[in-house]
Amino acid sequence: MIDTRTAPVTVGPTTVRATTVATDRPNDAPAIRVDGLTKRFGTDGPIVLEDITLSIEPGEFVCLLGASGCGKSTLLGIIAGLEHPTSGTVTVSSGSAAVMFQESALFPWLTAGRNVELALKLRGVPRAQRRGQALELLDLVNLADAAHKRPHELSGGMRQRVALARSLAQDRKVLLMDEPFAALDAITRDLLHEELERIWRETGRTIVFVTHNVREAARLGQRVLLMSSRPGRIANEWRLADTGPRRIESPEVSRLSIEITEQLRQEIRRNAH
Amino acid sequence: MIDTRTAPVTVGPTTVRATTVATDRPNDAPAIRVDGLTKRFGTDGPIVLEDITLSIEPGEFVCLLGASGCGKSTLLGIIAGLEHPTSGTVTVSSGSAAVMFQESALFPWLTAGRNVELALKLRGVPRAQRRGQALELLDLVNLADAAHKRPHELSGGMRQRVALARSLAQDRKVLLMDEPFAALDAITRDLLHEELERIWRETGRTIVFVTHNVREAARLGQRVLLMSSRPGRIANEWRLADTGPRRIESPEVSRLSIEITEQLRQEIRRNAH
Amino acid sequence: MPTDTNTSTSTTVPSIPAAARAASNDDFRTLEAGLDALQTVPLAERGPWRRIVDGVLPPVLLLAALVLAWQFYVVIAQPRPDLVPGPFNVAASIGELWSNGRLQQAVLTSLARGGAGFLIAVAIGTPLGLLLAEWRLLRRALGPLLSGLQVLPSVAWVPAAIIWFGLTDATVYFVVLMGAVPSIANGLVAGIDQVPPQLRRVGTVLGASRLQLATLVILPAALPGYLAGLKQGWAFSWRSLMAAEIIAMGGSIGFGLGSMLQQSRDLADLPGVLATILVILFVGILVELIAFAPAERSLLRRRGLASGGTR
Amino acid sequence: MPTDTNTSTSTTVPSIPAAARAASNDDFRTLEAGLDALQTVPLAERGPWRRIVDGVLPPVLLLAALVLAWQFYVVIAQPRPDLVPGPFNVAASIGELWSNGRLQQAVLTSLARGGAGFLIAVAIGTPLGLLLAEWRLLRRALGPLLSGLQVLPSVAWVPAAIIWFGLTDATVYFVVLMGAVPSIANGLVAGIDQVPPQLRRVGTVLGASRLQLATLVILPAALPGYLAGLKQGWAFSWRSLMAAEIIAMGGSIGFGLGSMLQQSRDLADLPGVLATILVILFVGILVELIAFAPAERSLLRRRGLASGGTR
Amino acid sequence: SAQGSAATPAGPAEELRLGYFDNVTHAPALVGLEKGLLADSLGDTELSSQVFSAGPATIEALSAGAIDAAYIGPNPAVNSFIKSAGQSVRIVAGAASGGAALVVRAGIDGPADLAGTTIATPQLGNTQDVALRAWLGEQGYDTDTTGGGQVHIAPTDNAQTLALFRSGKIDGAWVPEPWVSRLVQDAGATVLVDEASLWPDGAFPTTVLLVRSEYLAEHPETVRALVAGHTASVDWLTAHPDESAAVINTKLTEDTGKGLSEAVITRALSHVTFTTDPLAATFPVLLGAGVTVGTAKPGKLAGLFDLSALNAVRAEAGVAPVSAAGLGTE
Ligand SMILES: Nc1ncnc2c1ncn2[C@@H]1O[C@H](COP(=O)(O)OP(=O)(O)OP(=O)(O)O)[C@@H](O)[C@H]1O
Ligand SMILES: Nc1ncnc2c1ncn2[C@@H]1O[C@H](COP(=O)(O)OP(=O)(O)OP(=O)(O)O)[C@@H](O)[C@H]1O
Ligand SMILES: [Mg+2]
Ligand SMILES: [Mg+2]
């Protein structure tokens, strides 16, 4: 397997619409570096991830695509520091990463506002500033009005937006997202794509976005990594020159989707017996 | 509101690939007729469906599209005879309809095979023939090997395929599907689109398919009906000349999707306050 | 494998014109607001009046009908009054017990003992449950024993407790504890087990320390299960208390409802027995209604777990 | 509103060439098979040997340690043997009870009574639960009373039952029924309530008649809740039985474990009391292990509800 | 080796907690309390009392240290002594003798009619229960402790026994006074066997005065004062046979809210003898009977009696000492 991931990566010309949160991007050091990572669960389990080497630039939006059970969540968990690699190293240059999960995983006993405030508290923000900052963050996801509502009073899409606000509250340079929109209906998902892209452009976060939706990956990512299954490896990667927001129905997204789908299906076929 | 739904509908030139189950289509009577249908829950609830008139031809594949809570499931339930209309009439010419729900709703205490057999039993198929017919139906959805497995041992996609086989076991001319693929991952969903289309072409069923995924509707339907919310009405409809299987990434699907999405978004915006 | 070759494709996607974008931001907000409005249906609360009519009236009517039928039977069939007393006899018996103060004394004694025993059980069961939930080895070893203890009728402890502690309040407390502690501890363990692992992960990701994780995430998340355990623990306390009071009567054991029941039996005073049973039932229901039901309801409602409405 | 105008658009979609299609059918099947293989992970069953080591060894070791500590204490501190007998005394007491046949008789009597009472309770509780679940008005009226009865310690019925039925087995059965029937009925109601409405709808759609819906859909779906209710009902039967046997001793009431316990107490025979407690515990656990645990496990496993494995 | 006797005397106790039954056979306690004889004799030591209804509960209270002394039947006392390896209690005086009988329903005229009947006793292993089992054994009947056998023995609470007898659910009962008299007077029972007829001289212990051994070791003076008060009480009962019924009834009414009828109490008193002699020599016989019928285990009785206080009190009054029959200090 030829490995092109160690080649120096150049970020395409990005149109940043608004930089409310100023981020300086030191173009020298990658935001995330994964080196020869291998993972197996237990001592006699099968190898889940094998020899993954990867480097992600600051401010990059990377989509990680793969069939169910190929190890996407495991890889993300290792980058987040929730799991330990069996061998190999993982370096996140900014120290640690914010994570957003598929189910919003909001604390059901706290209102939307308090959920965000809890993240601020655990980050060490003084009590006096928390409320204001939480409201700002909720406003960023267009939910300032819902601060007093409890998770169960919100729709799935609103919950995911609160979760997004909460992960932004961590104020980490890197944001890891594990199929954050998989459980949402199509209309909401399209909207949240636009929302996420806007926030990415506004805040300059480095985002690793796990999905098994080819079109979602092609819609959002500057770079799409396709993983193979059993064991999980990086099978291929695609780059999109980023020229600003694009629509999911654009012919370019479609063209790329067709290409990725074809390879993904080949990967899946390999597992038939 | 101008109502064009009473205009006679002509089915486009359909390429039926294989007609293992021979279906004669009496082009005179529609398969489903809905006339001035209005529905409210309880006596003082808001009107959910208002004055819906609709006619669906035998063998037609109709997609019903609308935002969450617009009344799609209610309409489907009324056609299925699970709910009663407040006013107006619904006629299904073949007597009754098969229904498939979002969650597979397989009986968890029965194997896949037995689930299908139960449907055959309730239809009145003699015991001796059930096993064989169930296996045939499971084979139709490429699951003959999984007949002895219980629902929890199957993946979400496999469960929906069993549910599809079960609803085919009812052997009704009309098949109503309520967001059958909404809970599946994107890869599986794409595959099931192909599966469903193949089965539709092979069996010549009349299908009403509820979804809130614009691309799914544009991918599958010969006709797409867009519903407005609060109260639910048919806001618009599109027809696709059916020239055989198409891909979800095809430019035509994309073009139609853009158009439908724009109208759907307008419908949604109307509800902001 | 041929699919493993890496093709680094570069596609240029046309951007939406910047001019249109600024204008579309407002549009986007309206769209999102519209969707939010469509997807959140305000739950229609039924009025308190409606709730009472629906919830309280039918059982009260049934009860009234049953009492009427009973009285009717007594009037018609004229059964032996010592075997089938009428509702009036029972009511008179309650009145008498009330007027000579024995009823109040018994209720107060039993409630005080049950309450104290329950609180001690909570004080023991809670740390025990926490330990069991977080210390795997202890749980493997002690868990089955604790579940076994839940199978053992706490009434079986009464004779042993009497031998150890004599006819003193210590006996009653011991029996109550043996009944309530396992179920409180097991309730907490079950509650903690049901905490979705995702919530722990979120806590860790947000940077919570071990202590913060326990106090800010795990305990609040385990609260419904803990509350269910407490409720069951109270039921066990109350049952065990009654058993202990009935069996261990005399000595320096105060006069509780169980003792009153047993005394009525000794006097072959069936109206008194039935009156006491009614009082025990009434106190049990009252405690549930006053102490546990509101806590549970508000907890579940705040988390959207309440089972209400028609859907 | 402008969006309400109907535009009937007609788009022509190019079809995939028919020649390619036939060949792609096999491809499609492989693709689907590959996806199925990826999405179903066979659950790794732990071997029975491993299960025993993990599940049985720790509590047994702990138990052994506890017994050892107890014996140690008795040897070192030399407490009064009538207050703190040693493990050997208790073992000797079991041996003696066994050798003179009293133990076997007591276990058999209690088991027979508990079993018979439980079966009668099932026979009453099941139709009651069905009625309650399906007849809304009855449920509104009777439901709260039945829940109330569950709060009432069944031991409170013993004095009344003795007055009604004297010191006979009828007293014991009455008390057992008052304990077990409400919990069996409530368990069935809860089980039926938890049947997802979707399953009912599927049954209706498949053309099931009312009877078929009940027997082929609702009852099988409610089985886990019903089984849980049965299990709890058995626990209540056993508890109530012990209470009744301890309190209502004498007369023509046969000799059960509760009576044996009370007799040991009367003879100030603490080793006997402890031995009987152990036997009661053992019988309770055994019944759960033999009768309920396998049924529950297989039921849950067949429905994929078993909580097992590390994830 | 007994822990209790290892304790050193600590002077008179501050209080003495006394247990007794509301029974005619416990009349020395009733009279002593009612007439203040016990309290007078105890002086500064505060006297409190507790009513029990059964021997085992009394023993449990003694063991748990909830009471210090008690009036009780001989069998529970023996039981506790043996089970505790001689550490728990000491008998310091006798209280009553006689006053137990087997009463039966009409139609049972001799031992031969008892086959298949159900006979109640107050409690498994108590004095009457053992007597019944032993007697039935002599008559050739099989019995067992689980209620089986040719004659079913149902240990039943005395109050319950009266009700059950009235409703015909039992055929007879071996009970102490006043229950014998109540069954005879109130329920029409007839006496089949008077227990007195089974013993030489008709003398067998019914009630003794028992003290916790630790208490005895710590406060011998207090125990002596108790024994003195008890002796005074017994003496009063012997000296005032006409007044005793009234005094006893007053105390019973005070305790339970209900007295006994004149006829019952008079008949009962005539069958009981009050004496401070514990009849120590009969204890091995009692134990032997218990072992034979399976309600007791063999054991040593040596040390059960501590009659030094009693004999000192008797010596002061110029009465002959009583014998411990080699089972303890005199
Ligand atoms: N804690 C664990 N112990 C053992 N095996 C595990 C564990 N977590 C994951 N696995 C296995 O590792 C493989 C990868 O799992 P992972 O959850 O990372 O996949 P994924 O790509 O995120 O799948 P999905 O798309 O379904 O979320 C799977 O085969 C899974 O069974
Ligand atoms: N049984 C019912 N009682 C009262 N209101 C109901 C009931 N069922 C549905 N509704 C209401 O009717 C409206 C339409 O519901 P319906 O489920 O048909 O929508 P839907 O289009 O299927 O939505 P979704 O996409 O979320 O499935 C909603 O506002 C809902 O609250
Ligand atoms: Mg995953
Ligand atoms: Mg719906």
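Residue numbers begin at 1 in each chain, while the letters A, B, ... track the order of the sequences.
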- Considering all heavy atoms of both residues, which atom of B/N142 and which atom of D/A33 are nearest to each other, and what is their separation? ND2-N, 4.5 Å
- Query: Which atoms of D/P196 come close to chain B, meaning under 4.5 Å heavy atom to heavy atom: side chain ones, backbone ones, both, or neither?
  - Reply: neither
- Item | Spacing of CG belonging to D/L216 relative to NZ belonging to B/K121, to within rounding of 0.5 Å | 5.0 Å
- Does a side-chain N-to-carboxylate-O contact under 4.0 Å join B/R159 and D/D36? no
- Task: Enter the distance from D/Q198:CD to B/F101:CZ here, rounded to the nearest 0.5 Å.
- Result: 5.0 Å
- Query: If you count heavy-atom pairs under 4.5 Å with chain D, which of B/E194, B/M100, B/K149 comes out on top?
  - Reply: B/E194
- Given the options B/L143, B/L191, B/V99, which has more heavy-atom pairs under 4.5 Å with chain D than any of the others? B/L191
- Message: For the CZ atom on D/F292, are there more than 12 heavy atoms of other groups (residues, nucleotides or ligands in this structure) within a distance under 6.0 Å?
- Response: yes
- Any idea which of B/L118, B/L192, B/T188, B/L176 has the most non-hydrogen atom pairs under 4.5 angstrom with chain D? B/T188
- Item | Contact winner vs chain D - B/R172, B/Q170, B/E153, heavy-atom pairs under 4.5 Å | B/Q170
- Query: Do D/E32 and B/E195 have side-chain heavy atoms sitting under 4.5 Å apart?
  - Reply: yes
- Message: Between B/D178 and D/R201, does any side-chain N to carboxylate O distance fall below 4.0 Å?
- Response: no
- Query: So with a 6.0 Å cut-off around CZ of B/R215, is the heavy-atom count from everything else above 12?
  - Reply: yes
- Task: With the side chain counted from C-beta on, respond yes when B/P108 and D/L199 share a heavy-atom pair under 4.5 Å apart, and no when they do not.
- Result: yes
- In this structure, CG of D/L206 is separated from OG of B/S167 (nearest 0.5 Å) by 9.0 Å
